[in-house]
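For clarity, every value in this text was computed on a predicted model and none was experimentally measured. Lettering of chains follows the sequences in order, A, B, ..., and the numbering in each one begins at 1.
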Number of protein chains: 2
Amino acid sequence: MLSFTEENYLKALVELTVFEAESEEVGVNRLAHCLDVKPATVSDMVRKLKDKELVHYEKYGKISLTSEGRFKGMMVIRRHRLWETFLSSKLDFSWDEVHEIAEELEHVHSEKLINRLDEFLDFPEFDPHGDAIPNKLGEILLPSRKTLAEVEVGKSCRIIAVRDQVEVLQYMDRIELCINQEVTIAHREEFDGLTTITHGNQSSVVSPKLTENIFVVCSVCSKAKCTCDV
Amino acid sequence: MLSFTEENYLKALVELTVFEAESEEVGVNRLAHCLDVKPATVSDMVRKLKDKELVHYEKYGKISLTSEGRFKGMMVIRRHRLWETFLSSKLDFSWDEVHEIAEELEHVHSEKLINRLDEFLDFPEFDPHGDAIPNKLGEILLPSRKTLAEVEVGKSCRIIAVRDQVEVLQYMDRIELCINQEVTIAHREEFDGLTTITHGNQSSVVSPKLTENIFVVCSVCSKAKCTCDV
DNA sequence: TATAAAAGTTAGATTAGTCTAACAATTTTT
DNA sequence: AAAAATTGTTAGACTAATCTAACTTTTATA
């Protein structure tokens with residue numbers, strides 16, 4: 001069984017090589033910075049992970065995950081995101097409180113537990129930050145996140161997450177827009193992308209800067225890429 | 001913040017000094033046996049816990065908890081039992097599966113998490129093994145417990161709890177004995193304490209090792225110390 | 001391309017938690 | 001009360017994960 005620390009190294013490597021924007025190669029320094037330890041520490045640990053066949057590595061070279069390492073790292077992320085979803089949807093934690101607690105919960109190992117939790121939460125696709133949740137095989141539907149900016153005029157959707165920025169939340173508060181709310185796209189201006197939405201009894205005009213930071217699913221089928229015709 | 005290990009020492013001390021049958025005094029050997037480490041290890045660790053003012057201790061003396069140590073140990077048990085309840089009532093785990101998983105979950109520290117969980121579960125009084133759950137102040141309504149080993153021949157009782165050991169639970173499963181079941185003492189052998197019980201349509205011969213780990217109440221008045229004449 | 005900068009490695013130290021083996025104190029038994 | 005048994009302590013060693021400081025390799029740049 002992997003230690004807390006080993007799991008954190010694998011998780012960081014998945015984040016850097018799978019999720020990070022334009023996945024550059026990962027060296028000792030970058031991983032050290034990401035884990036907030038010194039490069040010397042990473043140098044040692046990477047050797048240990050190589051012995052366990054969790055990473056590919058040669059002295060002075062780049063670090064990459066073996067398929068076993070990738071799977072194990074993916075499982076840590078799966079656990080993290082499922083627990084975040086649980087905290088948010090069942091225990092009413094706000095989106096900015098869940099991360100820290102999930103950092104501890106993600107290291108509880110029982111596979112049966114996490115699959116039961118997945119079921120209990122009704123197999124969610126996204127965590128409260130809008131990040132996709134890997135399935136039990138470690139697969140992730142990467143491109144399926146959809147923002148409010150992508151919803152077609154006339155269609156309705158439900159807000160499921162918001163990109164992790166305080167300003168976005170505060171702005172949303174001001175125009176009385178919140179998580180789980182249903183929103184309809186009334187109009188979208190071709191010229192500058194300004195969008196008129198209706199939500200509750202009100203309607204608001206919002207900019208792409210906002211809509212690109214709001215993640216939604218179809219209000220009928222609750223999927224990001226739905227085939228409903230609403 | 002306490003480490004995993006320190007929390008386990010405090011938990012064991014609460015179990016030995018608060019919950020255990022006739023709370024004898026606790027020495028290094030007994031604690032070592034309970035934690036499955038060597039006495040030398042406990043000797044060192046107890047000195048460390050004393051420095052942190054979590055236990056009272058003098059060389060070659062007995063170990064006892066300070067009020068802070070007792071509170072912190074009680075919180076570990078509170079977390080353990082609340083998670084067991086969650087696993088059992090929300091995720092459909094059976095009573096003999098929950099202990100092992102809760103051993104990991106009990107070390108997740110957020111106080112807010114555990115209080116929200118308590119609320120989510122509707123403030124349960126007992127965990128799936130029938131043990132009382134300490135409240136957020138570390139208080140517990142200690143039921144006056146009686147074991148199956150203490151019930152007189154000819155009398156009937158009802159099982160309300162089982163000491164928290166996987167082997168006990170698994171053994172009980174095998175002989176089809178479960179919580180809330182009514183049991184009658186048919187016979188008890190003076191020589192070795194082997195007891196013949198009837199439960200449902202069957203009868204079983206069980207050892208003191210088992211009966212001492214099963215808690216019961218009178219099947220008539222539902223009290224551990226009853227005055228009924230059954 | 002030579003040199004400076006950046007990246008990476010190694011050696012040696014530290015802390016937490018554990019062990020074994022030898023020794024010391026306390027308690028029980030004869 | 002002396003001997004035996006039990007209980008507890010200490011010293012020294014080990015592993016995992018970290019650090020600092022000195023050194024080496026690779027990369028970038030003047």
Side-chain angles (χ1 to χ4, degrees), chain A residues 1-13 16-17 20 22-65 69 72-73 76 103-104 106-109, chain B residues 1-13 16-17 20 22-65 69 72-73 76 103-104 106-109:
Chain A
M1 174 130 22
L2 298 180
S3 69
F4 255 59
T5 308
E6 290 167 323
E7 288 192 337
N8 282 333
Y9 276 76
L10 296 180
K11 179 177 67 155
L13 282 167
L16 290 173
T17 62
E20 199 67 3
E22 286 323 304
S23 24
E24 304 161 46
E25 299 197 299
V26 175
V28 166
N29 263 337
R30 195 145 94 100
L31 186 50
H33 182 260
C34 172
L35 288 163
D36 199 25
V37 297
K38 301 296 170 192
T41 310
V42 171
S43 226
D44 276 354
M45 180 60 80
V46 164
R47 191 156 2 94
K48 195 172 124 191
L49 293 173
K50 188 191 168 167
D51 291 346
K52 294 196 174 184
E53 297 184 26
L54 296 165
V55 302
H56 299 294
Y57 187 64
E58 297 304 330
K59 248 195 199 180
Y60 297 106
K62 296 301 172 186
I63 308 162
S64 63
L65 289 160
K72 296 225 161 121
V76 180
E103 285 288 296
E104 294 190 55
E106 75 189 9
H107 299 290
V108 174
H109 290 98
Chain B
M1 176 125 29
L2 298 180
S3 70
F4 250 62
T5 308
E6 291 168 321
E7 288 192 336
N8 282 333
Y9 276 75
L10 296 181
K11 179 177 67 157
L13 281 167
L16 289 173
T17 62
E20 197 69 4
E22 287 323 303
S23 23
E24 305 162 46
E25 298 195 301
V26 176
V28 166
N29 263 337
R30 195 145 93 98
L31 186 51
H33 182 260
C34 173
L35 288 162
D36 201 24
V37 297
K38 299 298 171 193
T41 309
V42 171
S43 226
D44 276 354
M45 180 60 79
V46 164
R47 193 159 357 96
K48 194 172 125 192
L49 293 173
K50 190 192 165 165
D51 293 345
K52 293 195 175 186
E53 297 184 26
L54 295 165
V55 301
H56 299 294
Y57 187 65
E58 296 304 328
K59 245 192 195 180
Y60 296 106
K62 295 302 171 185
I63 308 162
S64 64
L65 289 160
K72 298 229 161 114
V76 180
E103 285 289 296
E104 293 190 57
E106 74 189 8
H107 298 291
V108 174
H109 290 98

Review point. Contact class for A:T41 (heavy atom, under 4.0 Å): base, sugar-phosphate, or nothing?
Key: base
Using whole Å, what does the distance between atom [atom2] of nucleotide [N] and atom [atom1] of [X] come to?
| X | N | atom1 | atom2 | value |
| --- | --- | --- | --- | --- |
| B:E6 | C:dT18 | CD | P | 10 Å |
| A:M45 | C:dG8 | CE | P | 17 Å |
| A:F4 | C:dA16 | CZ | P | 18 Å |
| A:L31 | C:dT9 | CG | P | 12 Å |
| B:M1 | C:dT15 | CE | P | 21 Å |
| A:H33 | C:dA7 | NE2 | C1' | 15 Å |
| A:K38 | C:dT14 | NZ | P | 18 Å |
| B:D44 | D:dA13 | CG | P | 15 Å |

Check your understanding: Closest approach of B:L31 and B:A12, non-hydrogen atoms and distance?
Key ->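 Heavy atoms of B:L31 and B:A12 come nearest at CD1-CB, 3.8 Å.
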Practice item. At under 4.0 Å between heavy atoms, which parts of nucleotides 1-9 of chain D does protein reach? Answer with one letter per nucleotide, 5' to 3': B base, S sugar-phosphate only, - none. Key: ------SSS
Check your understanding: Would you say C:dA16 has OP1 or OP2 under 4.0 Å from some side-chain N or O of B:S3?
Key ->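 For C:dA16, neither OP1 nor OP2 has a side-chain N or O of B:S3 closer than 4.0 Å.
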Exercise for review: Decide if atom CG of B:D51 counts as having more than 12 heavy atoms of other residues, nucleotides or ligands within a radius under 6.0 Å.
Suggested key: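 For B:D51, atom CG is crowded (more than 12 foreign heavy atoms under 6.0 Å).
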Point to revise | Partner set under side chain to side chain contact (heavy atoms under 4.5 Å, CB included) for A:E7, not counting sequence neighbours | key: A:L2, A:V76, A:R79, A:H107, A:H109
Check your understanding: So A:E6 and A:K72, side-chain contact (heavy atoms from CB on, under 4.5 Å) or not? Walk me through it.
Key -> CA-CA 10 Å; A:E6 290 167 323; A:K72 296 225 161 121; over 6 Å; no
Practice item. Dump the intermediate steps for side-chain contact (heavy atoms from CB on, under 4.5 Å) on A:K50 and A:E58, then the final yes or no. Key: CA-CA 9 Å; A:K50 188 191 168 167; A:E58 297 304 330; 2.9 Å; yes
Study note, to complete from the structure: Taken in chain and number order and not counting sequence neighbours, the residues that satisfy side chain to side chain donor-acceptor pair (under 3.5 Å) with B:K38 are none
